Amino acid sequence: MSLPGFPDAAPLAGLGGGILIGLAAALMLLGAGRIAGVSGIFARATGLSDSGMSKPGAWMFVLGLPLGAFIVALATGGLPANFASPAYLVVAGLLVGIGTRLGSGCTSGHGVCGVSRLSQRSLVATVTFMAAGIATVALMNTLGMEVLP
């Protein structure tokens with residue numbers, strides 16, 4: 001299944017991934033009483049924050065993210081992946097980190113957990129994330145910049 005104008009889109013895989021992310025966030029909230037915000041959990045794991053889940057639990061969560069992707073890749077025979085240049089990745093990572101600190105959370109915390117709880121702060125943050133992403137892509141397309149090889 002493909003979407004018009006998006007030849008590389010995989011909507012069913014995206015739907016499956018979204019369902020799994022929602023289930024994981026719900027299980028964490030119901031089971032541990034914690035929001036599954038990756039930036040906060042990463043901050044706890046690395047010692048940047050003293051609040052939240054236990055440090056070993058935070059590390060297990062952080063390490064589980066790439067491990068889960070690896071398991072899916074093994075189960076499906078691999079996933080096609082194209083990465084931008086290391087310079088783009090470093091700049092993008094820094095901007096995401098700064099944005100996460102400024103917004104008091106990341107897309108997973110605000111977009112998945114906050115919106116599902118109808119948090120006004122998360123609704124504003126998610127709309128801001130989406131608007132900034134759309135504006136960035138439009139600007140890059142206008143300037144003829146291509147990030148991926």
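All figures in this text were calculated on a predicted structure; none of them were measured in a lab.
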To check you understand the geometry: which heavy-atom pair defines the closest contact between [X] and [Y], and what is its length?
X: A25; Y: A36; value: CA-CB, 4.1 Å
X: G111; Y: T126; value: CA-OG1, 3.4 Å
X: I41; Y: I35; value: CD1-O, 4.2 Å
X: G37; Y: C106; value: C-SG, 4.3 Å

Side chain to side chain contact (heavy atoms under 4.5 Å, CB included) with S119: which residues, sequence neighbours excluded?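 Expected list: R121, S122.
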
Going by side chain to side chain contact (heavy atoms under 4.5 Å, CB included), name the residues that satisfy it together with L65, two or more places apart in sequence or in a different chain.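 Counting only residues at least two positions away or on another chain, L65 forms a side chain to side chain contact (heavy atoms under 4.5 Å, CB included) with V38, F61.
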
Can any side-chain N or O of H110 pair as donor or acceptor with the backbone N or O of G103 at less than 3.5 Å?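 Flag set: sc H110 to bb G103 pair under 3.5 Å.
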
Can you tell me if R44 uses its side chain to pair, donor with acceptor, with the backbone of M53 under 3.5 Å?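 Checked: pair present.
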
Got L15 and I19 here, is their nearest side-chain heavy-atom distance under 4.5 Å?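 Yes, at least one pair of side-chain atoms sits under 4.5 Å.
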
Same apolar cluster (I L V M F W Y, side chains within < 4.5 Å links), [X]/[Y]:
X: M28; Y: L63; answer: yes
X: L30; Y: V112; answer: no
X: V137; Y: I134; answer: no

Residues in side-chain hydrogen bond (donor to acceptor under 3.5 Å, both in side chains) with T128, at least two apart?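 If we apply the side-chain hydrogen bond (donor to acceptor under 3.5 Å, both in side chains) test to T128, skipping adjacent residues, there are no hits.
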
Please enumerate all residues that pass side-chain hydrogen bond (donor to acceptor under 3.5 Å, both in side chains) together with T76, with sequence neighbours excluded.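 Not a single residue meets the side-chain hydrogen bond (donor to acceptor under 3.5 Å, both in side chains) criterion with T76.
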
Members sharing L95's hydrophobic cluster (side chains within less than 4.5 Å):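 Other cluster members: V91.
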
Evaluation steps, side chain to side chain contact (heavy atoms under 4.5 Å, CB included), between L94 and V90: CA-CA 6 Å; L94 288 172; V90 168; 4.2 Å; yes

Straight-line distance of M140 CE to L143 CG, nearest 0.5 Å: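 Answer for the CE-CG pair, M140 versus L143, is 8.5 Å.
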
Give a yes or no on whether N141 atom CG has more than 12 heavy-atom contacts from other residues, nucleotides or ligands under 6.0 Å away.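 Buried by this count: over 12 neighbours within 6.0 Å.
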
List the atom pairs, donor and acceptor, that lie under 3.5 Å between side-chain atoms in residues 66-75 and the rest of the protein, sequence neighbours left out.
none

